[in-house]
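This report concerns only the one structure given below.
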Amino acid sequence: MAQFLLETVWLVPLYALIGALLAVPWSPGIIRRTGPRPAGYVNLVMTFLAFLHATLAFPATWNQPAYQVFIPWLSTAGLNLSIDLEISSVSVGAMIVVCGLNLLAQIYAIGYMEMDWGWGRFYSLLGMFEAGLCALALCNNLFFSYVILEILTLGTYLLVGLWFIQPLVVTGARDAFLTKRVGDLFLLMGVLALWPLSGTWNYTELAEWAATADVNPTVIALVGLALIAGPMGKCAQFPLHLWLDEAMEGPIPSTILRNSVVVASGAWVLIKLQPVFNLSPIVSSAMIGIGAITAVGASLIAIAQVDIKRCLSYSVSAYLGLVFIAVGTQQDEAALLLVLTHALSAALLVMSTGAVVWNSITQNVTLLGGLWSRRPVSGLAYVVGILGLIGFPPLGSFWALLKLADGLWTTKPWLIGVVIAVNALTAFSLTREFCLVFGGKPKQMSERSPEVGWQMVLPMIILMSFTLHLPLILQSLSLLPSWAELNKDVALLLIWSSIFGCSISGVIYLGNVPKPIRLPWKGLQDLIAYDFYTPKLYRMSIVLSVDLISKLADIVDRFVVDGIVNLVGLASIGGGESLKYSTSGQTQFYAFTVLLGVGVLGIFVTWPYWGNQFLDMMYLSR
């Protein structure tokens with residue numbers, strides 16, 4: 001039975017795809033009698049079957065070599081393309097995480113979107129997301145990975161724009177789509193440029209080619225920079241990071257999946273292409289630089305936000321910046337562990353935040369407070385999410401951050417400072433949000449704010465248990481180092497940075513410190529609060545340039561292109577009108593006109609010959 005499930009595990013993405021297609025009739029209102037709820041239940045059943053299939057097949061993959069499945073797709077003009085799939089413990093484990101989180105998100109959505117008539121569209125899009133992510137986990141081909149990423153970009157646009165009547169939702173969906181398209185355009189250039197160099201898009205063959213490749217350093221540097229542009233957009237890395245903040249306008253249940261595993265889709269491709277990136281030190285340095293700038297910058301920006309959703313979105317960008325650092329320093333195992341621990345903790349934080357948003361009047365954390373006594377489950381979920389996302393032993397992120405920092409200890413020790421700083425800032429930021437929302441005394445906006453229903457509480461409890469037991473699961477799989485192998489200095493630095501960040505934030509926001517907190521220099525506070533003026537810089541540079549170019553193109557189109565066309569049209573009309581009054585209706589007049597035209601055309605065509613003859617005659621006459 002286990003062998004059969006393993007051999008058919010590549011069909012797991014089809015479960016979600018079938019569920020998405022079955023939910024379509026409820027989307028445009030073709031089926032009205034039952035209401036939209038059956039669309040959600042159908043997707044729940046299909047997602048559960050996908051989760052069950054992947055979970056039962058996982059033990060058969062453990063400690064077994066990966067094997068590939070090739071599905072022929074296109075063969076023309078010397079180009080042979082096949083859909084390459086890799087069945088391994090990593091890919092099947094990734095599908096378990098995706099299907100499990102989507103299952104919890106769908107249960108959560110039953111309560112969150114109880115009165116929403118967009119159920120059909122919403123659950124169809126969630127199914128499409130799950131199918132795309134599972135297919136990406138199995139895909140062993142760069143070209144088809146790019147195709148799947150494009151589908152996920154479209155899904156992001158449609159999910160964020162679910163409530164398309166609201167102007168902010170439309171703007172957020174548009175900006176998310178266009179920002180990710182910028183990275184995707186460069187990624188496509190890199191994908192196409194890599195084919196002539198390597199002759200393959202298969203990840204396994206690319207790794208074998210990279211081991212012995214002798215390519216021009218400039219060429220491979222440009223190709224590598226293009227290839228990391230796509231993951232930059234997917235992972236919301238600087239300067240393509242603003243879309244994730246605006247995408248929070250979409251429904252919270254879709255944010256559970258997007259902020260945990262969808263943003264990690266770019267990191268997955270990045271890890272797969274790591275052997276190619278090793279060919280150019282410039283590309284590796286660029287990844288480290290981008291990751292460090294995003295991690296530190298986003299951590300600082302998160303501290304100054306007052307919107308409960310914005311605090312989380314920048315924390316996601318910061319954590320994925322550490323993944324970029326891990327890949328740039330050739331630490332694939334640390335990168336995968338970071339992605340796993342972040343997925344569970346980030347999803348739990350989004351669930352807790354969604355529970356607050358669902359029946360609260362405001363999303364401003366400075367206007368909330370005292371929710372701990374009224375929302376014990378949501379508050380406890382937020383605490384577990386915080387501890388699971390920072391270096392707090394023995395939870396998952398402690399081991400992931402420790403593995404990353406331990407690998408940097410001998411190669412790039414200065415990056416350990418970045419990891420420690422980001423951990424401390426993340427601990428400070430998330431503790432600040434917890435204190436403002438759940439701590440203190442109830443305020444006017446939070447006096448009547450009860451706990452949410454069981455449909456939203458149950459997924460939080462289940463995910464809390466998984467987050468707390470993740471170290472035990474990893475230990476049973478022999479993925480955690482023993483205490484004897486630990487770098488005690490790095491471990492202590494991580495622990496103390498977590499304690500420092502949480503305690504300082506708790507003292508400030510639960511103590512008698514005057515609020516709001518003001519920095520000594522207002523310019524620095526405004527710099528952090530306004531996202532380092534990145535949106536303003538975009539408006540003054542890219543947006544202004546595109547606006548000027550579009551206006552110039554409009555002027556050329558209206559006055560030059562349209563002017564020439566209109567001039568030809570007017571000349572034709574004028575000529576026709578003038579000829580209308582000069583015709584007599586006699587055949588000899590028409591014949592004379594035709595002969596005259598042919599004669600003029602003949603003179604025009606043969607003019608170079610007659611001109612030369614005329615010049616020769618003039619020369620001889622002299």
Side-chain angles (χ1 to χ4, degrees), residues 19 23 26 34-48 51 99-127 130 159 162-163 248-260 308-309 312 344-363 365 367-386 433-434 437-439 442-443 445-468:
W26 283 276
T34 62
R37 280 185 174 267
Y41 301 147
V42 167
N43 275 272
L44 268 171
V45 171
M46 299 309 295
T47 299
F48 176 75
F51 175 75
C99 295
L101 288 177
N102 193 37
L103 180 64
L104 296 178
Q106 289 178 356
I107 299 173
Y108 188 92
I110 294 176
Y112 191 91
M113 305 185 70
E114 182 179 4
M115 304 300 293
D116 198 303
W117 278 87
W119 267 52
R121 281 185 296 122
F122 178 78
Y123 276 94
S124 290
L125 292 172
L126 278 187
E130 180 189 334
L159 262 179
L162 186 74
W163 298 324
M248 299 294 280
E249 295 294 338
I252 287 289
S254 66
T255 305
I256 295 172
L257 210 61
R258 183 176 59 250
N259 278 25
S260 57
I308 193 171
K309 292 181 178 180
L312 289 183
L344 299 181
S345 300
L348 186 57
L349 287 172
V350 174
M351 286 183 183
S352 177
T353 300
V356 174
V357 172
W358 185 67
N359 58 1
S360 295
I361 302 174
T362 180
Q363 295 179 192
V365 294
L367 300 179
L368 297 171
L371 292 182
W372 178 262
S373 59
R374 290 166 171 76
R375 297 171 174 268
V377 178
S378 300
L380 186 61
Y382 203 93
V383 171
V384 174
I386 293 174
E433 187 175 351
F434 172 80
V437 175
F438 294 97
K443 298 181 181 179
M445 294 290 186
S446 58
E447 284 181 342
R448 299 175 181 177
S449 185
E451 187 62 271
V452 292
W454 69 268
Q455 299 97 332
M456 299 169 67
V457 169
L458 180 62
M460 283 193 283
I461 294 175
I462 294 174
L463 195 54
M464 265 195 293
S465 64
F466 271 103
T467 304
L468 292 172

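All values reported here derive from a predicted model rather than from experimental measurement.
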Which heavy-atom pair separates [X] from [Y] by the least distance, and what is that distance?
X	Y	answer
M46	G19	CG-CA, 3.8 Å
M460	A355	CE-CB, 4.2 Å
M456	G111	SD-C, 3.9 Å
P253	A105	O-CB, 3.8 Å
S254	L126	CA-CD2, 4.3 Å
N43	G127	OD1-CA, 4.0 Å

Side-chain touch [X]/[Y], heavy atoms, less than 4.5 angstrom:
X	Y	answer
Y123	V42	no
V350	R258	no
S352	F438	yes
Y108	L104	no
E433	L312	yes
V383	W372	yes
V356	I308	yes

Quick check: are there more than 12 heavy atoms from other residues, nucleotides or ligands sitting under 6.0 Å from CZ of F466?
no
Knowing that exactly one of L44, L101, L257 qualifies, which makes a side chain to side chain contact (heavy atoms under 4.5 Å, CB included) with Q106?
L44
Interatomic spacing from [atom1] in [X] to [atom2] in [Y] - rounded to 0.5 Å:
X	Y	atom1	atom2	result
N102	T47	CG	OG1	4.5 Å
Y382	I386	OH	CD1	5.5 Å
T353	I256	OG1	CD1	10.0 Å
L458	I110	CG	CD1	10.0 Å
Y112	I252	OH	CD1	4.5 Å
L349	F434	CG	CZ	11.5 Å

Ignoring hydrogens and geometry, is there a side-chain-to-backbone donor-acceptor pair from S465 to I462 under 3.5 Å?
yes
Please confirm whether the backbone N or O of L344 pairs with a side-chain atom of S260, one donor and one acceptor, at under 3.5 Å?
no
Would you please say whether a donor-acceptor pair under 3.5 Å links the side chains of S124 and R121?
no
